[in-house]
J.: 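The structure that follows is given in the form of structure tokens.
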Amino acid sequence: MEWVCDRAQTVELRTGELLVQEGDVSCDLYILVAGQMSITRRSENIDIPVGQHNAPSFFGEIPVLTDEPVLVTMRAVTDSKLYKIKANDFLKLLHECRDFERTVFRIMQRRTRGLESFIRGREKMAALGTLAAGLAHELNNPAAALLRALRQMPSAVLELQRMNLVYGQRQVEAEHTQQWLQERDRGYDAILNERIDPVSLSDRETILLDWLENYGVKQAWNLAEPLAEGGVEIETLNQLMERWRNDSTELREMGLHWLALSFEVMSMIKHGLRGAERISELVQAMKSYSYLDRGIQQEVNLHQGLEDTLRLFAYKLKCGIQVQRHYDPQIPKIMAYGSELNQVWTNLIDNAIDAMDGKGVLEITTGQRDRFVKVDITDSGSGIPPEIQSRIFEPFFTTKSVGHGSGLGLETTRRIVENRHHGTISFESQPGRTCFTICLPAY
């Protein structure tokens, strides 16, 4: 004790003052004799509380023993008094005093497990947040299309009903009415099944616009586009409108408005239906991704899991990343922990996207090797530097800046593949090509 006291330096902190910051290269042990210290870790640019040290306690042994940067930030919650012991003195004491050594390593083990457990939880929440943000982004467009269609629908339907009533009051013979209905039904079929060539659509609109203007239709451009989408021909309009050319009422051109509005309503329905289908696909992908309605271990289709993950990353991929799939249709389904396996694909694909900085080629290949199924995930990014390749599966090791990576993504991936599924994970990396290979038992 005298030896320690001779070497300890006094540190006094006011409330709110910083002791150490995450990422600092600190080589000191601290003994807190009065006050409280908060422990935080940065995640997604936010300081997340991890815990608190209350006097009397000691901390700082992990960076000294591992010779790595500090994993957390510590700040005084109250006015605090500490003693600082230099690294060499701490190590000498550790090696020469067995009781002290045993105490330090027990507490260090407990703290490391607690910190790892916390960061794993944060890692999962961060991954979920990333997927949720992507899902919200992907849902926005189809939801907006569906909402837009539904908003426009009531007024269009009411106007169609009014025109039907006006037309019905003239008691037109059934044969002529049937001609209009047949043309409407042909247009519906053309719109729903996209029978009109998009390349020729613009020319068709121009021809119809000229005819409508010659006929005397006000704001003819509003009718030209839906009539063109419905595949209406000039000869058909001449035939249908011949008897109404000299009519002094709104019926002179009401048939044209009725036909165009009918096609617009059908287009609204088509686009709204597509939006609803896209929303359904995304929800199903998320449901399948998380295996919400199944047991813990189940028969898993690897291709489905990969596709579900890619759908949830669509908002990142479509900005400049080309996805190439080389799937072996013969690989069997395997018994696996589905949601955990999807976490593997999420970590590897997310890392690949980051490595390519948003532009490049992502290649996914599946196949069989002896009694294993094999998945290769390859990116055209900058590669993993040779000097750190031996460390990428270490807990807390990361090349990302503070707040942008916890260093547990690949460690979690390795643990899920090797410990949970008794498989293997390996990689090869050089500038322009990094390939992670996952092998899982096919039984």
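From a predicted model like this one, the values you see are computed outputs, not experimental measurements. As a basis for the values below, the full set of heavy atoms in this structure was taken, side chains included, without hydrogen atoms, waters or symmetry mates.
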J.: Using 0.5 Å steps for rounding, measure from the CD1 atom of I438 to the CD atom of E418.
T.: 9.0 Å

J.: For a 4.5 angstrom cut-off between non-hydrogen side-chain atoms, does V375 reach L306?
T.: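 Of all side-chain heavy-atom pairs linking L306 with V375, at least one is under 4.5 Å.
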
J.: Test L362 against L310 for side chain to side chain contact (heavy atoms under 4.5 Å, CB included), laying out the working first.
T.: CA-CA 11 Å; L362 174 65; L310 288 172; 4.1 Å; yes

J.: Say you draw a straight line from CG of L19 to CG of L82; how long is it, rounded to the nearest 0.5 Å?
T.: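 So the CG of L19 and the CG of L82 are separated by 6.0 Å.
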
J.: Using only heavy-atom distances, determine whether the side chains of N347 and T413 contain a donor-acceptor pair under 3.5 Å.
T.: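 The criterion, which ignores hydrogens and geometry beyond distance, is satisfied for T413 and N347.
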
J.: Looking at D376 and K374, does any basic side-chain N land under 4.0 Å from a carboxylate oxygen?
T.: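 Yes, this pair counts.
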
J.: Could you list the residues that satisfy salt bridge (Lys or Arg N to Asp or Glu O under 4.0 Å) with D210, not counting sequence neighbours?
T.: none

J.: Would you give me the side-chain donor-acceptor pairs under 3.5 Å for residues 422-436, sequence neighbours excluded?
T.:
{"residue": "S429", "atom": "OG", "partner": "I384", "partner atom": "N", "Å": "2.7"}
{"residue": "S429", "atom": "OG", "partner": "T434", "partner atom": "OG1", "Å": "2.8"}

J.: Hey, mind stepping through I331 and L302 against side chain to side chain contact (heavy atoms under 4.5 Å, CB included) and telling me if it holds?
T.: CA-CA 9 Å; I331 67 169; L302 291 180; 4.3 Å; yes

J.: Which residues satisfy the salt bridge (Lys or Arg N to Asp or Glu O under 4.0 Å) test with E233, sequence neighbours excluded?
T.: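 Applying salt bridge (Lys or Arg N to Asp or Glu O under 4.0 Å) to E233 gives R204.
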
J.: Quick one, Q298 with V300, criterion side chain to side chain contact (heavy atoms under 4.5 Å, CB included). Give me CA distance, side-chain angles, the key distance, then yes/no.
T.: CA-CA 6 Å; Q298 59 277 315; V300 171; 4.0 Å; yes

J.: Write out all pairs satisfying salt bridge (charged side-chain N to carboxylate O under 4.0 Å, His left out) with one or both partners inside residues 152-161, taking only residues at least two apart or from two chains.
T.: E159-R162

J.: If we only count heavy atoms from C-beta on, is the I39 to P49 side-chain gap below 4.5 Å?
T.: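 The answer is no, as the side chains (C-beta and beyond) never meet within the 4.5 Å cut-off.
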
J.: Going by side chain to side chain donor-acceptor pair (under 3.5 Å), S267 matches just one of E225, E229, Q152. Which one?
T.: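 With S267 as partner, E225, E229, Q152 yield a single side chain to side chain donor-acceptor pair (under 3.5 Å), made by E229.
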
J.: A260 and L223: which non-hydrogen atoms are nearest, and at how many Å?
T.: CB-CD2, 3.7 Å

J.: If the condition is side chain to side chain contact (heavy atoms under 4.5 Å, CB included), which residues does K81 pass it with, not counting sequence neighbours?
T.: T10, E12, V33, A34, Y83

J.: Looking at every non-hydrogen atom in both residues, tell me the closest pair between A442 and I334 and how far apart they are.
T.: CA-CG2, 3.9 Å

J.: Can you tell whether the side chains of R14 and E17 come within less than 4.0 Å, N to carboxylate O?
T.: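 E17 and R14: not salt-bridged.
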
J.: Closer than 3.5 angstrom, by distance alone: can the side chain of S262 be matched with the main-chain N or O of W258 as a donor-acceptor pair?
T.: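 Looks like yes, one N/O pair under 3.5 Å.
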
J.: Please check if the side chain of T78 supplies one atom and the backbone of Q36 the other of a donor-acceptor pair under 3.5 Å.
T.: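 Yes; at least one donor-acceptor contact below 3.5 Å.
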
J.: Side chains of L29 and K84: does their closest heavy-atom pair fall under 4.5 Å?
T.: no

J.: Treating D350 as the side-chain partner and T346 as the backbone partner, does any N or O pair qualify as donor plus acceptor under 3.5 Å?
T.: no

J.: Examine distances only and state if a side-chain atom of S57 and a backbone atom of L32 form a donor-acceptor pair shorter than 3.5 Å.
T.: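 Checked: no pair found.
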
J.: Quick one: pull up CG in L227 and CG in L212 and give me the separation to the nearest 0.5 Å.
T.: 6.0 Å

J.: What is the distance from atom CG of L192 to atom NZ of K270, rounded to the nearest 0.5 Å?
T.: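 L192 atom CG to K270 atom NZ measures 7.5 Å (nearest 0.5 Å).
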
J.: Any chance you could lay out the side-chain hydrogen bond (donor to acceptor under 3.5 Å, both in side chains) test for D79 and T15, step after step, and finish with the verdict?
T.: CA-CA 5 Å; D79 291 351; T15 300; 3.1 Å; yes

J.: Is it true that a side-chain atom of D24 and a backbone atom of V20 form a donor plus acceptor pair closer than 3.5 Å?
T.: no

J.: How close do L13 and L18 get, counting heavy atoms only, and between which atoms?
T.: CD2-O, 4.1 Å

J.: Do Y337 and L341 touch side chain to side chain, with heavy atoms closer than 4.5 Å?
T.: no

J.: Check T73 against E22 and note the closest heavy-atom contact, atom names and distance.
T.: OG1-N, 2.9 Å

J.: For V64 and D28: C-alpha separation, side-chain torsions, deciding distance, then whether side chain to side chain contact (heavy atoms under 4.5 Å, CB included) applies.
T.: CA-CA 7 Å; V64 175; D28 301 311; 5.8 Å; no

J.: Would you say that more than 12 heavy atoms from the other residues, nucleotides or ligands in this model lie under 6.0 Å from the CG of D185, or not?
T.: yes

J.: Checking the side chain of N193 only, and the main-chain atoms of R195 only, is there a donor and an acceptor separated by less than 3.5 Å?
T.: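 Side chain of N193 to backbone of R195: no pair is present.
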
J.: Measure across R184 and F263 and return the closest heavy-atom pair with its distance rounded to 0.1 Å.
T.: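 Reported closest heavy-atom pair: O-CE2, 3.5 Å.
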
J.: Just by distance, with hydrogens left out, do N54 and Q52 show a side-chain donor and acceptor under 3.5 Å apart?
T.: yes

J.: Main chain of S38, side chain of R75: is a donor-acceptor contact present, judged purely on distance under 3.5 Å?
T.: no

J.: If you measure from CD on E61 to CG on L91, what distance do you get to the nearest 0.5 Å?
T.: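 So the gap between those two atoms works out to 11.5 Å.
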
J.: Side-chain contact, heavy-atom cut-off 4.5 Å: V361 with I321?
T.: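 A side-chain contact under 4.5 Å is absent here.
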
J.: Give, for atom OG of S380 and atom CD of Q324, the distance between the pair rounded to the nearest 0.5 Å.
T.: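 Result: 9.0 Å between the selected atoms.
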
J.: So, are R102 and D99 salt-bridged, with charged N and O less than 4.0 Å apart?
T.: yes

J.: Counting C-beta onward and ignoring hydrogens, is there a side-chain heavy-atom pair between R420 and R415 closer than 4.5 Å?
T.: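 R420 does not reach R415 side chain to side chain.
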
J.: Evaluate the side-chain proximity of V265 to M153: yes if any heavy-atom separation is below 4.5 Å, no if none is.
T.: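 Side-chain contact under 4.5 Å: yes.
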
J.: Considering residues at least two apart in sequence or located in another chain, which fulfil the ring-ring contact (aromatic ring centres under 6.0 Å, His included) criterion with Y327?
T.: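 For Y327, the residues satisfying ring-ring contact (aromatic ring centres under 6.0 Å, His included) (neighbours in sequence not counted) are H303.
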
J.: Please report the shortest heavy-atom distance between E340 and I416, naming the atom on each side.
T.: O-CD1, 3.5 Å

J.: Judged by modelled atom types alone, do D89 and W3 share a side-chain donor-acceptor pair under 3.5 Å?
T.: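 No - no donor-acceptor pair under 3.5 Å links their side chains.
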
J.: Does the side chain of I377 reach to within under 4.5 Å of the side chain of W345, using non-hydrogen atoms?
T.: yes

